[in-house]
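Written out below as C-alpha cells is the structure these notes cover.
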Amino acid sequence: MSDTGQRRGPFASRTVLVVWLVGVLAALGVTWRTHYVADLSAFLPSTPSAEQAVLLDQLRSGVAARLLLIGIEGGTREARSKASVQLARSLRQSGAFEAVHNGDKSEFESTGKFLFEHRYLLSPAVDAQRFSVEGLRAGIDEATSLLGTPAGAMIKPVILRDPTGETLRMAESMLPTQGPRSDGGVWVSRNADRAVLIATTQAQGADLDAQERSLQSVRDSFAPFAAQGLRLVLSGSGTFAVASRAQIKSEVERLAIAGGLAIVGILLLAFGGSLRTLFSALLPVGSGVLAGIAAVSLVFGNVHGITLGFGTTLIGEAVDYAIYYLIQARCVPGLAPGSGARKWLVDSWPTVRLGLLTSVCGFAALLFSGFPGLAQLGLFSMAGLAAAALTTRCIFPLLAPDGAPGVGLRRHLGRLVGRCTEVLPRARWPLAAIVVLAAAALVGLPSAWRGSLSSLSPVSAEKMKIDEDLRADVGATDSGTLVAVSAPDEAGVLAQAEAAGARLDRLVESGVINGYESPARILPSPGLQQRRRDALPDAATLSAHLNQATLDGPLPARRLGGFIDDVQAARRQPLLTLDSLKGSPLAPVLGAQILPGDATRPWRALLSLQAGSQGTDVARLRAALADLPGTQVVNIGSELGALYARYLHEATLQALLGALAVCVLLLLHLRSWQRLWRIAQPMGGAVLIVLAVMTASGVALGILHLVGLLLSVAIGSNYALFFDQIRMQQQALPDGAATVIDTDTLASLALANLTAVTSFCLLAFSSIPALFAVGQVVAPGILLSLLLSAAFIPLPRR
Amino acid sequence: MMPIRPTLHSPMRRTDRRAALARLGAGGLAALLLPLRAQTAFGLPQLTQLLSQAKSGEASFTETRTVSILEQTLKSSGRLSFAAPDTFVRETLKPRQEKVAVVGNKVTLSSGSRSRTVPLDSVPEAAVIMEAIRGTLTGNRELLERHFGATVSGNAQRWTLELVPLESRLQELVKSVQLTGQQALVREVVVAMADGDRSVMSIEPVTPSAKPASAAN
C-alpha cells in the first residue's frame, strides 16, 4: 500500500484513468436507458403470504390499478350530462381505454343482445325444474307481473321470446347492488352535482408512461367542456402513480440543484474559490450517483423514484471522501511535490476504507430485504459509496497529487474544530448523561414505530378525499374484505367461486354480510353452464309443458313459438369462456375479479363483500368458508397493516444485523475491544438521542427513519474513525514529543459534516414523506455524531 | 298549475305585478288566491298540507292492470304501509308473494326467497312511481314538484292529483300518475304508461284494529 502512485509509470496511470472513464461512460449509458418507476409496489414484499399475494396481484396488475375515476363538476345539470355522454364517446373512440362507463344505457345495447342470446346459459334460474309445467307457470307469472309498470319496460319487448323472465334474473344477479345514482341518463353523485364516469385504461397500471398518455387523452377530450366552465376531476391509482412520479421527479431535481448549489458554495468558500478543486470534489459524487443508478438498474431492471431521491443524499456523503482527500493530502512543506497523495494513502485511506466498509456492511443488510424497494436503496448506497471512494482513491492521486491548493475557510474551520475538541471532552459527562436520559426515555415512552405503508405514499390527504368521494359516487367502495379463491385453471377458479358463493348466499340470508360480487355471476363455470344446457328440454317436451302451464294464463302458448325456438338454439350453443367474452363490456368487469394464472401462480378470483350493518364478522366468514380448498378471506386493511409490520420488523432485524456486522468488521480491523467501544459510543449516543427526541415529539417512525438511522451511522462512523485515527497517531508519538493536533484532518471532518448536514437539511424540507423522513433523521444524527465523537474520543493533550 | 290568473283581480301596479309574477311559485300563487277564493281554493299546497298530517298509514289494495300484450288483465292484491318521512312498503300477497320496501334511498325487492337491495336513485325508471306515491302519501310537495308537473282538482272531500313526469326520459315511459283521494287518504292510484298500458290500484284504509283481518287474506 505504501508504494502506490509513486512507482506507477505513466502507462499505469493512464490505464487507471481509462478504466475509470470507461466505467463512468458505461454507467452513464445504463443510466440513460434506465426505466424509472414510482408505484409503491416496489415497497411490497417479494415473498408474500397467500393473503398478501392476493393483495399484491391486485395492486400490481389488477384492474384496480387501471381504474380511472372521472368527475365532471360545475355548470348546469344538462351541461354535465351532455359532457359525460360526449366525453365517454370520445374516450371510447380514442382506443386508450378498455372500457368507459357513464351509466348511458345506449352503450350497452350490444352487451344486452349478447346476454339475451346466452340467457339460458347465464340465468341463475335455469335448471330442469324451470322447464316443468310448474316451473314454467311460476316463471311466466313472475315475469308478467312486472308488465304494465316501469320496471317491466325492459322485458315487455322480449316477453314472447323470454316469458320466464331469464333476462331479468340475469340482470338481477349481474347488476351491482350499489349502483350509482342515475340522472339525465348518466351517472351522477348522490347529491347530483357531479357527473361521474369510470374508465379502465388499456395500459397496465405499472406502465406509467402509458398511464400518463391515457390521462392526457382524457384532459384533451375534456378541453371543449372546460371552455364551457365545467371542471374535470380525475382520480384512481394511475393518477396517483403518475402524479407521484412527477412530484418525485421535480422534487429530486429541485433537491439535486439546491443541494448541488449549497455544496458548491461551501466548497468554493472552503477551498478559496478554486474551480479546479470544486470540479475534483464533485467527481466522486457524480461517479457515485451514476454507479448507484447503473447498479440498481442492472440488477432490478428499473429504478424507483424514491431510490433516486435517496441518491441525492449521496451527494452529502460522497463529497466527504473528496473533502477528506483534498484537505488531508495537502503537501507538507518541505517534502517533494506529489508526496501528499502518498501520505494520504498511508495515513488516511485505511480509515476512509474502513468507513466505507462499515457503510457497505450496514447497507448490505438492506440488500437481503424481501422488499425490492428497500433492497434498491441498499444496493444504490453500496455501489454509490464504493464508486465514490474508489474514484477518490484511484483518480485523485493522479488529478491532484497534493490535495487542494486553496486555503479559504479551512484554517478557520480547523481552528474551530480544534477548539471544539478542547471544549467538548470536558462536557462528556453531561453529554453521557443526556444519552442515558435518551435511552431511559426510549424505554419509558410508548414505541413510536407506528408508521404505515401509506406514509410512504406522497399522495395528499386532499387527493385521497377526492378519490374516496368519487368511489362512493360510483359505488366502488367496498367493505375492504375479499374472498379470494384459487385453482389451477379458469374452469376451476369459476367453480371455486361458485362454491364460495353458495356459502356466501347463506351469510347474506342470515345478515352477516349484505351481499357480494362474484365473477361466477357473470360467467358461470363451464360445469354449471353445461348443467343448464343439459336441463333444456327438446321442442316437443317444452311445447307440451308450455301448453299446460299457460292454460288460463295471460300469455297463450301459441304466441310463444319464439321461446321454443330460442331454447332449441340454446341447446346447441357452445359454452362461454373468458375468451369468448373478450371485447364485450363484461370483459373488464371480469378482469377486475379474475386474475389469470400462469406456470408460476394459480388462477385467482376475487369476491368482494358488502359489509353487513354491523361491519363484517370476519371470524364467521372464515368459519363459513373454512373447509373450501383454495379459499381465503382477505381483509385489506389488516393485511396492509400486517404487511407493513412485517416490513418494519424485517428492516429492523436487518438494521440490527447490519450494526452487528459493522461491529464485527471494526473489531477485526482494530483488534481492540477498547477502540471498538470508543467508536461505538458516539454512534450509539447519536442514534439514541435522535430516536428519543423524535419519539418524544410524537413522530410516527417508519422504514425510512430506520434507513435514515443506518445512513447516519454509516456517515457518522467516519468521524469517529478519524478521531480514533488522530488519537492513535498522537499516542504513537514518542513520549515528550510535542503533540501537534492535525487541524487539517479536523477541518476536513468539519467541512464534510457541514456539507452532509446541509444536504440532509434540504431533504428535511421535502414534501415527499420518504425523503422528509430520511432528512429528518440524518441531519441531526450526523451532526451529533461529530460532536459526540469529539466529546467521547478525546485527543491526548499535554 | 292551477288555471287561475290572480293578477287580473289584483289592484297592484304593473311593476309590482311583474315583480310578484317573478316570484310566483305555487306557494305565492296560492297565497295570493287565498283571500280571494278562500272557500273553494284547493291546490297542491292545501293538498300536501292535508296529506302531511298523516304520519303513517296502513291500507289494503287491489290492483288491476291492463297490458296490451297480454290477453287478460292482471289482478293482484296486498297491503300498503307508509311512515313519514320516507318509508313505503308495498306487499303483494296475491297472486304471489312479493314485496317492495323503500326506505330513504334504499329499495329492497323481495320475491319468494330472493331479495335484493338497490339504491332508488340508481333506477330512475322505477323511482318515478315510488316518488309519486311516497311524495303524495307524506305530503312532500317539494319532492313532487321536483319530479312532476302536478295538477290538483276537486276539493278536500274528493280531490284528484295528476302527476306528469318532468323529465323527457321518464315521459317516454310513464304518461301520468293520477291519484284520487278523500281528505288525507289516497283511495286510488292510476298509472298510465306511455305505451297505453294502465294500472288501477284501489286502496282501502285499514284501521289498526282491523289490521289482523286484512292481513289474514
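Quick caveat: nothing in here was measured; it's all calculated off a predicted structure. Worth knowing before you read on, the calculation uses all heavy atoms, side chains too, and leaves out hydrogens, waters and symmetry mates.
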Task: Residues A:E134 and A:S132: side-chain donor-acceptor under 3.5 angstrom - done: no
TODO: Hey, can you tell me if A:H101 and A:W187 have their rings parallel, tilted or perpendicular (30° and 60° cut-offs)?
DONE: tilted
Task: B:D121 versus chain A, the contacting section by heavy-atom distance below 4.5 Å - done: both
Open item on the list: Quick check: under 4.5 Å, non-hydrogen atoms only, which of residues 68-76 of chain B neighbour chain A?
Closed with: B:S68, B:I69, B:L70, B:E71, B:Q72, B:L74
Task: Part of B:V191 lying under 4.5 Å from any heavy atom of chain A - done: neither
- [ ] Before accepting this row, confirm whether a basic side-chain N of the pair B:K99/B:E91 lies closer than 4.0 Å to the acidic partner's carboxylate O.
- [x] no
Open item on the list: I'd like to know if B:R96 and A:D141 make a salt bridge, using a cut-off of under 4.0 Å between side-chain N and carboxylate O.
Closed with: no
TODO: Let me know which of B:L163, B:V189, B:L161, B:T160 forms a side chain to side chain contact (heavy atoms under 4.5 Å, CB included) with B:Q178.
DONE: B:T160
Task: Check ion pair B:E63-B:R90 (N to O, under 4.0 angstrom) - done: yes
Task: Which portion of A:E509 sits near chain B, non-hydrogen atoms under 4.5 angstrom - done: neither
- [ ] Output, in order, the C-alpha distance, side-chain angles, deciding distance and verdict of side-chain contact (heavy atoms from CB on, under 4.5 Å) for B:R134 and B:N140.
- [x] CA-CA 8 Å; B:R134 196 162 65 161; B:N140 186 339; over 6 Å; no
